[in-house]
Amino acid sequence: ILNVEQSPQSLHVQEGDSTNFTCSFPSSNFYALHWYRWETAKSPEALFVMTLNGDEKKKGRISATLNTKEGYSYLYIKGSQPEDSATYLCASRNDYKLSFGAGTTVTVRA
Amino acid sequence: DVKVTQSSRYLVKRTGEKVFLECVQDMDHENMFWYRQDPGLGLRLIYFSYDVKMKEKGDIPEGYSVSREKKERFSLILESASTNQTSMYLCASWGGRAHEQYFGPGTRLTVT
């Protein structure tokens with residue numbers, strides 16, 4: 001089991017504000033880092049898969065960075081909107097298995 | 001679009017009952033997974049299968065078994081349900097050229 005941690009566990013952000021949160025993972029034997037968004041009553045949806053140190057990925061107002069040497073990834077939401085409210089999961093990949101963090105639940109207040 | 005479906009969104013069972021959770025994927029993926037998700041904990045892997053009739057224990061297999069008779073279908077079995085198996089259960093599949101796991105919508109199981 002890979003020890004993947006996410007912080008904070010939850011956060012509230014005002015509509016229009018930007019926010020970010022962290023995923024930390026073991027840096028040894030690193031293969032890939034996955035981010036998923038899980039909205040209530042829906043399936044978790046893949047956001048990003050990152051493999052290289054220094055990787056940055058972007059999808060609309062959401063972006064992520066990766067530091068494999070120190071074992072962390074940040075996910076940023078720029079100009080938060082109510083539809084960004086969800087639980088964001090990160091997972092470290094080992095072969096074809098994923099070890100997930102507990103998630104960061106984001107609530108965007110209108 | 002990959003589609004992973006699960007047989008029930010909500011299920012209520014009694015302690016001691018045998019429970020079947022079904023998962024079907026339509027993308028011919030080799031690998032299929034069963035997770036459970038509990039508050040404050042990440043998705044924890046129960047079992048996975050990398051081919052028909054093949055299975056491997058995940059991190060928390062106790063109290064569960066699985067069946068994969070056809071490539072598209074992966075079943076999770078609770079032989080004798082207990083209250084500590086009350087949880088959200090998620091199925092996922094992965095294979096071919098996909099870069100990530102695709103998840104079903106989840107089954108919220110309550111054991112009373």
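Letters A, B, ... are given to chains in the order of the sequence lines, protein chains preceding strands, and every chain is numbered from 1.
- To the nearest 0.5 angstrom, Phe48(A) atom CZ is 11.5 Å from Glu100(B) atom CD.
- The most heavy-atom pairs under 4.5 Å with chain B, out of Ala91(A), Ala46(A), Pro44(A), come from Pro44(A).
- Under a hydrophobic-cluster definition in which Ile, Leu, Val, Met, Phe, Trp and Tyr are linked whenever side-chain heavy atoms come within less than 4.5 Å, directly or via other members, Leu109(B) and Phe74(B) are assigned to the same cluster.
- Of the listed residues Thr105(A), Leu98(A), Thr87(A), the one with more heavy-atom pairs under 4.5 angstrom with chain B than any other is Leu98(A).
- Residue Gln6(B) does not touch chain A at all, counting heavy-atom pairs closer than 4.5 Å.
- Of the atoms belonging to Arg108(B), not a single heavy atom falls under 4.5 Å from chain A.
- Interatomic distance, CG of Leu90(B) versus OG of Ser43(A), reported as 7.5 Å (0.5 Å rounding).
- Options Lys42(A), Gln9(A), His34(A), Gln6(A) differ in how many heavy-atom pairs under 4.5 Å they form with chain B, and the most are formed by His34(A).
- Around the NZ atom of Lys71(B), the shell of radius 6.0 Å holds more than 12 heavy atoms that belong to other residues, nucleotides or ligands.
- Distance CZ/Phe100(A) to CG/Leu41(B): 14.0 Å, rounded to 0.5 Å.
- Remark: Phe33(B) CZ to Lys97(A) NZ distance equals 9.0 Å, nearest 0.5 Å.
- Contacts between Leu43(B) and chain A at a heavy-atom distance below 4.5 Å involve backbone atoms as well as side-chain atoms.
- Residues Leu33(A) and Ile77(A) share a hydrophobic cluster, clusters being chains of Ile/Leu/Val/Met/Phe/Trp/Tyr side chains in contact below 4.5 Å.
- Trp34(B) and Trp38(A) fall into different hydrophobic clusters, where Ile, Leu, Val, Met, Phe, Trp and Tyr are joined by side-chain heavy atoms under 4.5 Å apart, directly or via other members.
- Residue Trp35(A) is grouped with residue Ile62(A) when hydrophobic side chains (ILVMFWY) are merged at heavy-atom distances under 4.5 angstrom, including chains of intermediate members.
- Side chains of Gln101(B) and Tyr36(A) form a contact here, defined as non-hydrogen atoms less than 4.5 Å apart.
- Residue Ala41(A) touches chain B through both its backbone and its side chain, counting heavy-atom pairs closer than 4.5 Å.
- Both Leu11(B) and Val66(B) are assigned to one and the same hydrophobic cluster, defined by single-linkage of ILVMFWY side chains at heavy-atom distances under 4.5 Å.
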